[in-house]
Amino acid sequence: MEKKYDPKQFEERLYKEWENSGCFKAVRDDKKVPFTIVMPPPNVTGQLHMGHAMDCTLQDTVIRFKRMQGYCALWLPGTDHASIATEVKVVEEIKKEGLTKQQLGREGFLERAWEWKDKYEQRICGQLRKLGSSCDWSRLAFTMDERCSKAVREVFVNLYNKKLIYRGDRIINWCTECRSALSDVEVEYAEEQGKFWHIKYYLENSDKYIEIATTRPETMFGDTAVAVNPADPRYKDFIGKNVVIPVAGRAIPVVADEHADMEFGTGAVKITPAHDPNDFEVGKRCNLPSILVMNDDGTMNANAGKYEGQDRYVCRDNLVKELEEGGYLVKTVPHAHNVGHCYRCNSVVEPMVSRQWFVKMDELARPAINAVMDKKVIFIPERFAKIYYNWMENVKDWCISRQLWWGHRIPVWYCSDCGAEICEKTDPTVCPECGSKNITQDEDVLDTWFSSALWPFSTMGYPDDTSDLEYFYPTDLLVTGYDIIFFWVSRMIFSGLEHMRKVPFRDVLMHGLVRDEKGRKMSKSLGNGVDPLEVINKYGADSLRFSLLQGVAPGNDTRYSDAKVEACANFMNKIWNASRFVLTNCEGREIRSISEVKLTAADKWIISRLQAVIRDVTLTLNKYELGVACQLLYDFMWSDFCDWYIELTKPALYGADGAKKDGALAVLKFVLENAMKLLHPFIPFITDEIYRNIPGTQGTVMLAEFPRYNSKLAYKKDAAAFAGVMDIITAVRAAKTERECAPSKKVSLYIISEQKRLISANEDSILKLAGAKDITFITSAEEAGENAVAKVLSTGTVFIPMGDLVDAEKERERLQAELERVTAELRRADGKLNNAGFMQKAPKKLVDEERAKLEKYIAMREKILQQLKNYN
RNA sequence: GGGAGCUUAGCUCAGUUGGGAGAGCAACUGCCCUACAAGCAGUGGGUCACAGGUUCGAGCCCUGUAGCUCCCACCA
């Protein structure tokens, strides 16, 4: 092994080996239980960020764990065409060449988009490889590949035939920049400081008027009524009469509708059915016409009269001026309100009536809600189920058509001769109604999430009855961020239920956002994003992975910081060096199995600790508590194995006793090998590199069996006894440090103890680790001489003669403090045991433990009191 | 308007069936002892936001309060 931990030496090499030898491939094996994760497909818009890195690390850790446990583990990778997001990028790209979409034409543009896709898909897959992702590349999918397209077509036609997809004129969110419709979830609201314009609408042929208040005066050209609350006494007489829209000069009725809130504004509201969702509803109730006043690009249309052609905001300014001049403007008040923005280009969304395709949601939502209620799908943590219910229960029909080119084209044709609408699984060549060849396909494409919703089964061959679907579906786990519950998770659930008749996944592990070190969202505009590749380049993939998992709890946001990665890199270095220590000592020797050697107390202790860690790591991983599992392994590896056990084996390793050396090496190797297996799912590279160097191992650790808890190796009593030896070592070390005695200065130890055998058996360890030269068993304090520090422990009292370094007064104070501490503990235990409620209701195990503690403290107190006598 | 989360050591955060408060980083002291100074040994530091309640026992369960964060709704 190399002397220095240098991930560059092996990460790439190992990954290639894994991939080339087919380790990632999931081949159906009916003797095994499948475990499936389908990767949330990254968008082909660019490269992966820290959020992806975490998402991916979580999945890889789980899938490696399951694979080692003997499951037929499939992690299916893929990418998403991300219709609108990618189209925006490609448009930007061609703009640099002075080109527009229109200039390229649909086909030319799509060619460019496919080129873009190829480039970024490759880049993303490269990044996933760098992270160590053990996904099955032979199944790499793309939401617009043949497989997925076939599924999309099948689903669309089926829903269309069931009348769950319909086309209609409804109010939708329109992005004037992307010039496309958006679904409700694609709109992000942000509070903005706007204005409230109070405007007079005069009664027809009268000088009476109704004052209305609006934040968007330019829409008044589309007003078709003014609504007042039927219970509002102020406007009772106006109902049924007409008012005239200022400037436009058109007369519209005053209608009574509950929508008008008497408390808000002036209590009278202008109704613009074509440009406001609430007004649209009022319009339906009151049978009002709907007048569009804007074009697709956000400029005013002919209905705005002389303002035709002006941008909506230019028109707003000019119109307000005209209203003011005409005496119609009563006042302008500042008004904070939420404004919808396009989630891709951030421009202000315009509600507009438009003819679009929709998925009817109510029938689909019900079973999807029930599936979560019935625990067929389990959110981790549970609280996300509530968020899901809330959305699902109030979901509106899903607008799925987009006025874009990059995406799945809507599989509907229109006959220009007879007007028929044709939706079939294969492309029609003539109109089935009239035989005409004059049929044209709908120009629009589908919402990108329409194909994502089918991802768990479209990637496995749906609609065909494939072996994959039969074996791997439903999948076992979905790992994703809480920010796409509505976009994606919920839509997969109802789609899976509708088309597969089964939920798409059992567990949904939610994770939070990766924020920067100040807790801010990582974003392009802030420029605070950190590129995972740069981090990997500097520290290695294992360090990055470990830093992303350490200390995370499901569903919680985390912060990325270089300091954290650095700390993890130190851990890797620690693992590397410890392994190097073990392996160099193994060189040239036959390493025995632990069953063939005589185990020391220390050996049994570390093996016992290992068993506990195996048990707890398995338990926590099964619950997807990866952060906790990391901590368990970190502590075991660093504290137990490196700081204690390796140090404990040194006397044997450097000694002359061959049998002792064999014993130590057997245990060192045993623990190291198991540790590499336990750590492998988290940090795959370093563990495999080390594992291959451990004598007797074959092949890669990634295909080794995950360690299983073995109760025969738990050695509970031996481990507890050995903890007493460790206490002695710690006490001597502390005694030396407290008195500023150099650790290298060897001291003599005098011990009063009833556990002489235990101490004698571990004499070498105590001498080495405590920095002592000899141990003498004594029966009274006097034998230790005058200037001795006394440490009272559960195993006995240790005296350390330290000559001038001992200050009698300070010793007395220290012992006094010890006495107080032990007395307090004693009282606590005693209090519990004298508490009737505790004795009655607490579990027996706990009572016994308390009793044992009480006895221990009583004994210690006695000894301390005795010691104190020496200072009185 | 509705909902969720957070508040634990100077900083970042764990703490999952309620049973003696933890880690990393930072700080302080002392150490190059043949795996590792990217290290070792030791030390200090917390009325677990606040107020009640349930319980033999609460960081954890319940109620309320405050501050911060986020999501949903959109009253024009």
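Nothing here was measured: the structure is a model prediction, and the numbers come from that model. Hydrogens, waters and symmetry mates play no part in the numbers below; they use all other heavy atoms, side chains included.
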For [X] and [N], is the shortest distance between a side-chain N/O and OP1 or OP2 below 4.0 Å?
X      : N     : result
A:N394 : B:C72 : no
A:W644 : B:A41 : no
A:K574 : B:C40 : yes
A:H198 : B:A76 : no
A:K396 : B:C74 : yes
A:N834 : B:C56 : no
A:R559 : B:C13 : yes

>> Could you tell me if the side chain of A:I575 sits less than 4.5 Å from the side chain of A:W638, heavy atoms only?
In response: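 In short, these two side chains do not touch, never coming nearer than 4.5 Å.
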>> So does A:M522 get a backbone contact from the side chain of A:D516, meaning a donor-acceptor N/O pair under 3.5 Å?
In response: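 Not at all, since once roles are kept as given, no pair shorter than 3.5 Å links the two residues.
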What's the gap between [N] and [M] when it is taken at their [atom1] atoms, as a whole Å value?
N     : M     : atom1 : answer
B:U43 : B:A4  : C1'   : 42 Å
B:G10 : B:A66 : C1'   : 24 Å
B:G45 : B:C28 : P     : 16 Å
B:G3  : B:A9  : P     : 30 Å
B:U7  : B:C62 : P     : 15 Å

> With both distances under 3.5 angstrom, what nucleotide forms a Watson-Crick or G-U wobble pair with B:A37?
Replying inline: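 Check on B:A37: unpaired, no WC or wobble geometry under 3.5 Å.
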>> Please determine whether a side-chain nitrogen of the Lys or Arg among A:K745 and A:E740 lies less than 4.0 Å from a carboxylate oxygen of the Asp or Glu.
In response: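 Answer for the salt bridge query: no.
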> Using 30° and 60° as the class limits, which term best fits the ring planes of A:F196 and A:H335: parallel, tilted or perpendicular?
Replying inline: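 Rings of A:F196 and A:H335: parallel, as their planes differ by under 30°.
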